[in-house]
Amino acid sequence: MSGTGYQTLLDCRRRSRYLRRHGFTVDQIAVILSLDHPSTPLRLYRHAAGLTAGQTIEVFHQLAGTMGAGLRESRLYDYENWPQAGRRPSVSTLCLLARIYGTRPAHLLTAEVLATYAGHDQRILHEEERASAGAPPGLYYPPLFDGPG
């Protein structure tokens, strides 16, 4: 991770930890972080959750039941850079990342990017959104990452 990117992550982790302690949701934190850090929603949500790419991958594999073949850090970065660069994340990947970050899948995309997905995929993302509406926010947030730093 580059120095600038790492400093951004540290700043976002510090701010998100502070905001969580004051009752802000991960959705609210992502909006606040977006004011100072222009990035894709997918990356901002990872920062709002206070997770590194490696930590996200670890939890991803635990939830998916995979042993490293499902997602790698470089691919996560590709997803976070899309649509300006990188690769488009699949609907199943978005749904799993939303569980990790404690949000809804459609929140990980801008409205414009969501509109580029096929109608069937949009319906799935919205169904997942409705299904997760009753789940507590941050259900899969690993408390291990809320320590000093």
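Residues take their numbers from the sequence shown, with the count starting at 1.
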Taken to the nearest 0.5 Å, the spacing of Phe24 CZ from Ile29 CD1 works out to 8.0 Å
Are any non-hydrogen side-chain atoms of His107 and Tyr101 less than 4.5 angstrom apart? no
Verify the distance criterion only: is there a donor paired with an acceptor across the side chains of Asp11 and His37 at less than 3.5 Å? yes
Would you kindly confirm whether Leu19 and Val26 end up in one hydrophobic cluster when ILVMFWY residues are joined by side chain heavy atoms under 4.5 Å apart? no
Indicate yes or no for a side-chain donor-acceptor contact from Arg20 to the backbone of Ala48 under 3.5 Å, with no hydrogens or angles considered. yes
What is the distance from atom CG of Leu44 to atom OG of Ser34, rounded to the nearest 0.5 Å? 6.0 Å
Just by distance, do the side chain of Thr103 and the backbone of Ala98 share a donor-acceptor pair under 3.5 Å? no
To the nearest 0.5 Å, how far apart are CZ in Arg43 and SG in Cys12? 10.5 Å
State the CG-CG distance between Leu125 and Leu108, to the nearest 0.5 angstrom. 9.0 Å
Working note: Arg72 + Leu76, criterion side chain to side chain contact (heavy atoms under 4.5 Å, CB included); need CA distance, chi angles, decisive distance, verdict. CA-CA 6 Å; Arg72 298 196 187 284; Leu76 178 62; over 6 Å; no
With a 4.5 Å limit on heavy-atom distance, are the side chains of His47 and Arg13 in contact? no
Just do the side chain to side chain contact (heavy atoms under 4.5 Å, CB included) check on Asp27 and Tyr45 with the steps written out, would you? CA-CA 8 Å; Asp27 294 315; Tyr45 269 91; 2.7 Å; yes
Please lay out, stage by stage, how Thr56 and Leu71 fare under the test side chain to side chain contact (heavy atoms under 4.5 Å, CB included). CA-CA 10 Å; Thr56 299; Leu71 183 63; 5.7 Å; no
For the hydrophobic clusters of this structure (ILVMFWY residues joined by side-chain heavy atoms under 4.5 Å, transitively), does one cluster hold both Leu42 and Ile32? no
Determine whether Leu94 and Tyr79 make a side-chain contact, defined as any pair of heavy atoms from C-beta on separated by less than 4.5 Å. no
Any sub-3.5 Å donor-acceptor pair from Glu73's side-chain atoms to Ala53's backbone N or O? no
Any salt bridge linking Arg15 with Asp36? Criterion: basic side-chain nitrogen under 4.0 Å from a carboxylate oxygen. yes
Is it possible for you to say whether Ile100 and Ile124 belong to one hydrophobic cluster, with membership spreading through side-chain heavy-atom contacts below 4.5 Å? yes
How many angstroms lie between CG in Leu63 and SG in Cys95, if you round to the nearest 0.5 Å? 12.5 Å
Is the Lys NZ or Arg CZ of Arg88 less than 6.0 Å from the centre of Tyr117's six-membered ring, within 45° of the axis? yes
Rounded to the nearest 0.5 Å, how far does CZ of Arg46 lie from OG1 of Thr40? 9.0 Å
So which of Leu97, Leu96, Val91 actually passes side-chain contact (heavy atoms from CB on, under 4.5 Å) with Thr93? Leu97
List the atom of Val113, the atom of Thr116, and the distance in Å for their closest heavy-atom pair. O-OG1, 2.6 Å
